[in-house]
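Okay, structure first, notes after.
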Amino acid sequence: MSHEEVMKIARKRGFLWSSFEIYSGVAGFVDYGPLGALLKNKIMNKWREYYIIKEGFYEMESPTVMPEEVFKASGHVDHFNDPMTQCKECKEVYRADHIIEEATGMDVEGLENQKLTEIISNRKIRCPRCGGHLTHVWSYNLMFQTLIGAKGKKIGYLRPETAQGIFTPFKRLLRFFRNKLPFGVVQLGKAYRNEISPRQGVIRLREFTQAEAEIFVNPKEKTHPRFHTIKSEKLKLYPAENQEKGKKPITITAGKAAEKGIISSELLTYHLWLAKKFLVDIGIPEDVIRFRQHLPTEMAHYAIDCWDVEIKTNRYGWIEIIGIADRTDYDLKSHSEHSKEDLKVFIEYKKPKIVKKETVKAKMDKIGPKFKKEAAKIIKALEDLDPKIVKKELEEKGQFKLELDKTYTLLEEDLEFEEIEETIKGEKIFPHVIEPSFGIDRIIYSLLLHSYKKEDDRTYFNFPADIAPVEVAVLPLVNKEKLVQLALKIKEDLRNNGFIAEFDTSGTIGRRYARIDEIGVPFAVTVDHQSLKDHKVTLRNRNDTKQIRISIKDLTRALEDLLKRRMKFQDLSRFYEIQD
RNA sequence: GCGGUUGUAGUCUAGUCUGGUUAGGACUCGGGCCUUCCAAGCCCGCGACCCGGGUUCAAAUCCCGGCAACCGCACCA
């Protein structure tokens, strides 16, 4: 539970290192060491199990460098930008808009830097701390900028989220899913934010790994086919209202939360539950998980409802590790406007709608001779007019003046009104997007923190068997040639069967167990003298250090059952002799 | 970005104030001996003054700058 102890072991045993240490390091970057990389991959693959296999979403991969247009459309170029100013005397840095709003009460959101600078000098706004003069306003954008191409004319940015890489090929995706909602697309990968001053180690990184799902749905159908199966599952929620009124979080069933509108839709509720199930599955205890709703003031520009999954930590309090948002149609709409591409989906009505409609048409035999060459454009213009207005004007004035490049006067005899029935099969809409966005690095931190166990003089990571980086250790009880040879052979066999197996002869058996416990190896195979005669070895369970004696030929099968969590060690011990 | 505190092997630390032999110890790690089940013991070995500049005959030690970590403030679409 202690941050310091856990991070110390994480560093010592090769889970997490700060990057570029030999060059003093750079804040906000970390290396995943050998065990960290294994752990991270296992967690990401578990995530794929949940979102790709079980939910039926598909994964894609887009570039991490993207052209400026993408982030103009997404709002990151404008909204991810903070206007800053600094006191010339005391060097304090401020948000320029905040300081103006405080001093004058003006709403200056969205104004250009030059305008803000003018306001500061005209209104004689000074440093609130020391009264000193303030510098001109500059922009601090949290995106890393780069130049694309040899001539360096095209501005590019490192993506601040993986999501945009899913929105931009939306037309292709829609075709891949055969033009039908709902569908989900996921992406796991790196994202970048040039934080002003990253602290808190792995909690706020400049380069981090996200696992995001973008689920495209019909706005009228924000539910999930399996919602009924999770209705009575309990969620610990901290709604915005409770935060504002200083009340405590509530525990409520998924069904009630959606029904009462605490969470804005059944689908969003389902994804809150799913995120929690995932976290519990990889080994984060349920009682350190809660869902906190964004306050209206902190909600991102694109969302209508957003819940953070938070984990309790001893050092940082409750930290956000997952954000689950209803992004509505913000992104697709905006990309559609900027790119001039149609990013809508055709939704077919269950029953076609029959609409009665009045139309006005030109009588060709009248219009033709009357207007000759100009008739064509008049006919075309009539199609776009509201027939009611034409009819009304005709009735009142006996003629209708059509304003085009010049005025054409149309009489009642030139026109024909008709009421027709039109069958509308459906409509084109922008889908809404439900987005669970996982911060993998923070999840790993939370997992390390909450898996760490200390018992007497023993420490271990209580990783689930299928998450543990090293799966099994093979150890000779003592370093006698024959035992070492047999242990090596068993290790090779296990590796050939796909297990991540380690072997260790250093120190005494107790020290070896301690070493593998410290990195959370769930099972150990120990070869003793008896093994040479009866071809049996002991299999040790990390959490309770209990052992059973099992024949070497059964080992692969037993370990497979254990590591895939088809069987618990306790169940296995019914079939085998228990060792003291 | 601002202010404060701190930087000695993988880890913890002595030495820094008061400049002066080969920077000392413990644990860890590697090799060996021993050892029949949970960090035992013995022998051997690897391994450090954050980086750069200055002052000085001489800098881990004093001064300046940088970097990093921690704490507070600010920031965190």
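From a predicted model like this one, the values you see are computed outputs, not experimental measurements. Within every chain, numbering begins at 1; the chains are lettered A, B, ... in the order of the sequence lines, protein sequences first and strands thereafter. Note that these values count all heavy atoms, side chains included, but never hydrogens, waters or copies made by symmetry.
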task: Under a 3.5 Å limit for both distances, which nucleotide forms a Watson-Crick or G-U wobble pair with G3(B), could you say?
output: C71(B)
Proximal nucleotide (of A39(B), C75(B), G30(B)) relative to the R515(A) side chain: G30(B)
field: Rounded distance in Å between the P positions of G20(B) and U16(B)
entry: 8 Å
message: Under 4.0 Å, heavy atoms only, any strand: does I509(A) hit a base, just the sugar-phosphate, or nothing?
response: sugar-phosphate
task: Could you check whether N479(A) gets within reach of a base, just the sugar-phosphate, or nothing at all, counting any heavy atom under 4.0 Å?
output: base
query: In the structure shown, which nucleotide is the Watson-Crick or G-U wobble counterpart of C34(B), with both distances under 3.5 Å?
result: none
- prompt: Under the criterion salt bridge (Lys or Arg N to Asp or Glu O under 4.0 Å), which of R512(A), R542(A), R458(A) is the partner of D517(A)?
  reply: R458(A)
message: Could you check whether R290(A) makes a cation-pi contact with W318(A), meaning its NZ or CZ is under 6.0 Å from the centre of the six-membered ring and within 45° of the ring axis?
response: yes
task: Take the angle between the ring planes of F71(A) and H76(A) and call it parallel below 30°, perpendicular above 60°, tilted in between.
output: perpendicular
message: What is the separation between atom CH2 on W17(A) and atom P on U11(B), rounded to the nearest whole Å?
response: 12 Å
query: On a whole-Å scale, what distance lies between the P atoms belonging to G10(B) and A48(B)?
result: 7 Å
- prompt: Of all the choices, C38(B), U35(B), C76(B), which nucleotide is nearest to the side chain of T545(A) once you look at every atom?
  reply: C38(B)
message: Rounded to whole Å, how long is the line connecting atom CZ of R315(A) with atom P of A69(B)?
response: 12 Å
field: Centroid-centroid distance, Y192(A) to Y157(A), less than 6.0 Å
entry: no
field: Rounded interatomic separation in angstrom, taking CG from D528(A) and P from C38(B)
entry: 13 Å
field: Whole-Å gap separating C1' (A74(B)) and CG (L134(A))
entry: 14 Å
query: Is there a Watson-Crick or G-U wobble partner for G47(B) with both distances under 3.5 Å, and if so, which one is it?
result: none
- request: With heavy atoms under 4.0 Å as the rule, sort S18(A) into base, sugar-phosphate or nothing.
  value: nothing
- line: Out of U36(B), A40(B), C76(B), minimum distance to the side chain of R204(A) belongs to C76(B)
message: Suppose you measure atom P in G15(B) against the same atom in U6(B); what distance do you get, rounded to whole Å?
response: 15 Å
- request: Nearest whole angstrom, please: distance from the P of C38(B) to the CD1 of I519(A).
  value: 20 Å
- prompt: Taking only N and O in the side chain of S506(A), is any of them less than 4.0 Å away from OP1 or OP2 of G30(B)?
  reply: yes
Interatomic distance, K480(A) NZ vs G32(B) C1' [rounded to whole Å]: 13 Å
field: Paired nucleotide for C17(B) [Watson-Crick or G-U wobble; both distances under 3.5 Å]
entry: none
field: Ring center gap for Y445(A) and H3(A) short of 6.0 angstrom
entry: yes
field: Closest listed nucleotide, where the reference is the side chain of A27(A) and the choices are A69(B), C70(B), C38(B)
entry: A69(B)
K8(A)/E5(A) salt bridge by N-O under 4.0 Å criterion: no
task: Provide the distance between the two P atoms, one in A60(B) and one in U22(B), to the nearest whole Å.
output: 12 Å
- prompt: G45(B) and C38(B): how far apart are their C1' atoms, nearest whole angstrom?
  reply: 27 Å
Residue whose closest nucleotide on RNA chain B lies nearer the 5' end, K12(A) versus V537(A): K12(A)
message: I want to know whether F461(A) and F15(A) have ring centres closer than 6.0 Å.
response: yes
query: Is the base of C75(B) touched by the side chain of E195(A) through a donor-acceptor pair closer than 3.5 angstrom?
result: no
Between U11(B) (P) and I9(A) (CD1): distance, integer Å: 14 Å
- prompt: Do Y513(A) and C37(B) share a donor-acceptor pair, side chain to base, under 3.5 Å?
  reply: yes
statement: Atom CD1 of I203(A) and atom P of C75(B) are separated, to the nearest Å, by 20 Å
- request: Mark yes or no for a side-chain to base donor-acceptor pair under 3.5 Å between R512(A) and C38(B), with no hydrogen or angle criteria applied.
  value: no
G54(B) versus G19(B) - spacing of their C1' atoms, nearest Å: 15 Å
task: Look at all strands and tell whether R542(A) reaches a base, only sugar-phosphate, or nothing, counting heavy atoms closer than 4.0 Å.
output: nothing
message: Here's a test of your reading of the structure: between R193(A) and E518(A), which maps to the more 5' nucleotide of RNA chain B?
response: E518(A)
task: Pick the P atom in C67(B) and in A58(B), then give their distance to the nearest Å.
output: 29 Å
query: Hey, does the side chain of T538(A) come within less than 4.0 Å of C37(B)'s phosphate (OP1/OP2), counting only N and O?
result: no
query: For atom C1', what is the distance between C50(B) and A59(B), given to the nearest Å?
result: 16 Å
field: Base paired to A26(B) (Watson-Crick or G-U; both N/O distances under 3.5 angstrom)
entry: U11(B)
message: Please verify the inter-ring angle class for F167(A) with F216(A); under 30° counts as parallel, over 60° as perpendicular, anything in between as tilted.
response: perpendicular
task: Please state whether the phosphate of A40(B), meaning OP1 or OP2, lies under 4.0 angstrom from any side-chain nitrogen or oxygen of R511(A).
output: yes
